[in-house]
Amino acid sequence: MSKLTPVLSAHWDQKDSFTIDAYKRNGGYAAAVKALAMDPDALIQLVKDSGLRGRGGAGFPTGMKWGFIPQGDNKEHYLVVNADESEPGTCKDMPLLMANPHVLVEGVIIAAYAIRAKHAFIYIRGEVTHVVRRLNKAIADAYKAGYLGKNVFGTGHDIDLVLHIGAGAYICGEETALLDSLEGFRGQPRLRPPFPAIAGLYARPTVVNNVESIAAVPAIVANGAEWYQSMGTEKSKGATLYSLSGHVNNPGQFEAPLGITLREILELAGGIRNGHQLKFWTPGGSSTPLFTAEHLDVPLDYEGVAAAGSMLGTKALQIFDETTCVVRAVLRWTEFYKHESCGKCTPCREGTWWLVQILRDLEEGKGSEADLAKLLDLCDNIMGRSFCALGDGATSPITSSIKYFRDEYIAHVTGAGCPFDAAKSTLFAEAK
Amino acid sequence: MTTFANSATEVTPVEMITVVIDGFEVTVPKGTLIIRAAEKLGIQIPRFCDHPLLDPVGACRQCLVDVEINGRAFPKPQASCTIPVEPNMIVKTQLTSAVADKAQKGVMELLLGNHPLDCPVCDKGGECPLQNQAMSNGNAQSQLTGYKRTFEKPINISSQVLLDRERCVLCARCTRFSNQIASDSFITLNHRGALQQVGIYENDPFNSYFSGNTIQICPVGALTGASYRFRARPFDLVSTPSACEHCASGCDMRTDVRRGKTLRRLAGDDAAVNEEWNCDKGRWAFKYVTSTDRLTQPLVRNSEGVLVQASWPEALAAAAAGLKGKRAAVLTGGRITTEDAYGYSKFARIALKTNDIDFRARVSGEEEGNFLAAKIAGKFDVHYSDIDSADHVLLVAFEPEEESPIVFLRLNKNFKKRNLKVTSVATKGSIAMDKLKANFIKVAPGAEAAAVATVALTAKSVILLGERASESIGLISAAIALAEKTGAKLAWIPRRAGERGALESGAFPTLLPGGRPVADSAARVDVAAAWGIDSLPSEPGRTTHQIIEALSQNELDAVVVGGVDARDLLRSNKVLDVLKNSFVVSLEIATSSITEVADVVLPVAAITEKSGSFLNWEGRARAFDAAVDDSHNRSDVRILSALADAMGESISLGTVSATAREIAQLGKWDGTRVAFTTVNEGNALTPSGDQAILTSWRRLLDMGTLQRGEDNLAGTRRQTVAVISQKRASAIGVVSGDQVRISNANGSITLPSLVEDIHDDAVWIPRNSFGSQALIALDAVHGELVTVVKA
């Protein structure tokens, strides 16, 4: 039996999966009707019971987050969906929204109702025009069908959904920076407390959830908490999208219960590209410490990955084979973080500036062994010292790569340059 | 332990929390930030973005410390500027935690990594928090050897403020000050990451009245003042605590002098008054002291009618000869110190044997004279702290940002922190009203009194009455009636720094020093005894306008004038004509319209050259020492004392300090006050056709004589415009920007129009701005009919 448990991705193979007709044909919007007949508190309890945890990377229990919203406070509440998927390697939300935008819309209806929000927002990254178009269409169709707007499904409840298109800043994936951006300011993380649950969007109680977390809600409502609990591991319940990319024969989305291993996913994906071996991989995007072949059997759930010294993150499994220069890969990522640092705090803004310079010298063979100590010292001065997690994330690939591939760094020094042929790591290299 | 609110009847208990920092216990009020609690123990945690008067931001990460609560340690060091103390908190700073020390040194290294090592040519070098903390909390060597960011330098973000971007540590103190304190969001952080920088909006320079504060709180040399840049090294400056002479806010200041020349002035630190801020006028308008029109030698008009230089004995003899035995009066302005005002007051009574003395060198009225004597003199019961506890503040004929900027900052602080309700009875809306979201009761000029009567206040409210209230008949009476009806506190806020001190010193026709009524024989005996003379003149004196009138009617022969500009008075041409035909002794710092017609001119010291004090609007003494010690160090009171001696009528006020002692010994009057007689509201004017009722006030930055010589400051002035309502604009066919002509029988002013929130019957112009000097051009300021047409 296949290890896969397609729920979100169950109907992606249908040609018209993204339309409202297809979604309804496959049972869509029934969960919303069911949810709207429930007590909102019971809905929150249901999601708590399901064990659903935030799929944006941190893994915070979704139901608990909803429960933090003060009730009966006579204030507007807001639901904000974080669709600013920008982490290098992370590519789960965009395919999901391309193939099935209505599952998010339905999730929004249920979640907004549960937290007593009349207004919900989806903050989507600006570069993905095609996804924006599909989502816009889905929202418009939902309005037309009476699922959004005034008196949704004839239940007397009002839920408005606004799609906000970001301007292409990685930092806006950080929930408080996202809120600032949504309010029309430059996206920079806010000082916490107050947390968004108390003073979020426009200083009102706000839930910020990842696309995949909200999209998981309709299935939980439809099938019950026990069904969801039946998947996954002890503390990491349910199924999730693993995004496999890089040097594999069959890259793509693999929806499987939490706790599956990379070895199992690689089998489903037809293995590492032919004739090559796994060298290193990221379990959850570039800001999670690297793994190597020795981690093939690490259970890919929140606890398992953490125990092995990394983070499950966004389950973006970037696979690199032995043709890849780890120094070069890490430099590219570091350049990304330098470019995306918002500039608010010193360690991240200044630290990434210097990390790039040192790594670039090393990669070009102009570095020295002492530069490794310098890199690690700089990382120590950034990690845990910066304002938000962006700075922390910037150090992960560096410290983990030095941990596992110190010799390769040294080889760049002693060999006065990169020992790799960069062309060989390209996906088209074999085709020549 | 408790702390006491300012009002004596209220005791607000504050929860106290004890924490352990570096092994020492300290008890602080709940809500205190760790960094501040550490300060109480004398433990200095390095910081850049932190500022006690700005909201925490936690951006620079310099103040990282290890924190443990209830035995649970935070996994990583925390920014001590963002975390309030909690019970059972244990903090380890750089002194006891190797992790915190490493974290701080790491952040410092990163800040220095991109900082240019141009300390030897940087204005901040020598007083730089980055320099100092790099020494105290940084590594001696940096391991960062690559490329630093460079920028074109410097860029003007206003005519007065320069920005060197590569020096900036992006702490956001300047942008937060402008946002949170001044509500002037003219500067912001732009761009991202390493390219982040302070910037202005494309077409709007940093023309905030408070922009200089950003330079003062910049922890590096990124923001510098155009007027001070490259002028001095901090360690070459001699600093003297001083007070600001520009308005009645009463800012504490510091004057920095190098080799006899004032090079800069900074806001002083007085939590009760200006906190740590001041306005740009106070900071930068001091060049008049060294301007070329300063008087240095006495001048005497010779037999050919020409003013020629004279020695001091000659000049004093000439002045004494002209005054002795003559019917003479004293005109003195609102810019003199309390001690100088006391000198004029005593000189008038003893040497000239008259009560003809008035400090109000401006438009004023009888109602105001009665009000000041009855309700203000000797009363010191409204303070800045009353704004902090007020439930509602009513502004009457008072535009705080233009006329007393620190009062504005205090109002704004209370608006921002606790949504203080502010109401303004005014003819025209303003930027400050917008910032304070004030309830704007729009009235026609002259109709203020009726509107004031309708405002609902309580005993916790405060009425701030501007000096312009005297320009609208019955308005002061209405404010008093409202205060009496509701129990609200009533404060009078004059525009000039010396007015309150002059009032208390008896430079006033109906009051002797200490608020003693001239008409009260016991009060006269009191003062006569203190002064060692038999009696004082008992006839109440003339006001400024009456003195001019008496001179023109030959009821007076001579006048001693100190610190008065005829251009501040109505019918100034007539005033100058009258003075030309009278014997005039002028005490002045620089040539003026008065010195030109004077018979004897006696040069006196400017503010930085002398000691003395002002009373601000609260009646709070703001004492200062001479910052510049040179030959001009002659306060008016010393000259008057010498002149009295030359007349054989000694007033024995040889020094400022002796004068201050005498004022203190005399004390204030505790007897009966002058009664206040209510004045009924004047008749409202009804403009017809192109007619409008004029209204005006002075802008903070304008043609004021004390702003002379400071072009960089002048560059940040607000635009000179004539403000009319939309209805009027449509009626005369103009849109904002079109020229309009405001005229009356005396003359006209042509200005670009601005359509704004103003009463339909009114037209507003700045009272003394470039291109719009209401007194000179129209001989009118408020409540008079003018014609407004498209130019």
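Chain letters run A, B, ... following the sequence lines, proteins first and then strands; every chain starts at 1. Computed from a prediction, not measured in an experiment: that's the story for all the values here. Quick note: numbers below take in every heavy atom, side chains included, and nothing from hydrogens, waters or symmetry partners.
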Chain A contact via B/L64 - side chain, backbone, both or neither, heavy atoms under 4.5 Å: side chain
Trace of the side-chain contact (heavy atoms from CB on, under 4.5 Å) decision for A/R360 with A/E335: CA-CA 9 Å; A/R360 197 173 282 156; A/E335 284 171 337; 3.0 Å; yes
Chain A contact via B/K105 - side chain, backbone, both or neither, heavy atoms under 4.5 Å: neither
A/E350/B/R61 salt bridge by N-O under 4.0 Å criterion: no
Stepwise side-chain contact (heavy atoms from CB on, under 4.5 Å) check, A/L378 with B/L144: CA-CA 10 Å; A/L378 267 175; B/L144 306 174; 4.1 Å; yes
Geometric class of the A/F60/A/F68 ring pair [parallel <30°, tilted 30-60°, perpendicular >60°]: tilted
Chain A contact via B/L189 - side chain, backbone, both or neither, heavy atoms under 4.5 Å: both
B/K153 atom NZ, over 12 foreign heavy atoms within 6.0 Å: yes
Under 4.5 Å from a heavy atom of chain B, the part of A/R385 involved: both
A/D371 versus chain B, the contacting section by heavy-atom distance below 4.5 Å: neither
SB check B/K102 A/D377 (cutoff 4.0 Å): yes
Contact winner vs chain A - B/Q196, B/H191, B/K76, B/Q62, heavy-atom pairs under 4.5 Å: B/Q196
Structural part of A/A370 lying under 4.5 Å from a heavy atom of chain B: neither
Chain A interface, residue from B/V107, B/T82, B/N114 that has the most non-hydrogen pairs under 4.5 Å: B/N114
Part of A/E340 within contact of chain B (heavy atom distance under 4.5 Å): both
Evaluation steps, side-chain contact (heavy atoms from CB on, under 4.5 Å), between A/V330 and A/Y409: CA-CA 11 Å; A/V330 169; A/Y409 277 91; 3.9 Å; yes
Carboxylate-amine/guanidinium contact A/E183 A/R190, below 4.0 Å: yes
salt_bridge(A/E174, A/R192) N-O dist < 4.0 Å: yes
Donor-acceptor under 3.5 Å (A/W353 side chain, B/Y147 main chain): yes
Which portion of B/D55 sits near chain A, non-hydrogen atoms under 4.5 angstrom: neither
Residue among B/T145, B/L170, B/T188 with most heavy-atom pairs under 4.5 Å to chain A: B/L170
Pick from B/A194, B/P77, B/A172 with the largest number of heavy-atom pairs that fall under 4.5 Å of chain A: B/P77
Contact origin within A/T352 toward chain B - heavy atom pairs under 4.5 Å: neither
Backbone of B/N70 reached by a side-chain donor or acceptor of B/N88 within 3.5 Å: no
Proximal component of A/D361, with respect to chain B [non-hydrogen, under 4.5 Å]: neither
Under 4.5 Å from any heavy atom of chain A - which part of B/V57: both
Segment of B/P75 engaging chain A (4.5 angstrom heavy-atom cut-off): neither
Under 4.5 Å from a heavy atom of chain A, the part of B/E109 involved: side chain
Chain A interface, residue from B/N190, B/I83, B/L195 that has the most non-hydrogen pairs under 4.5 Å: B/N190
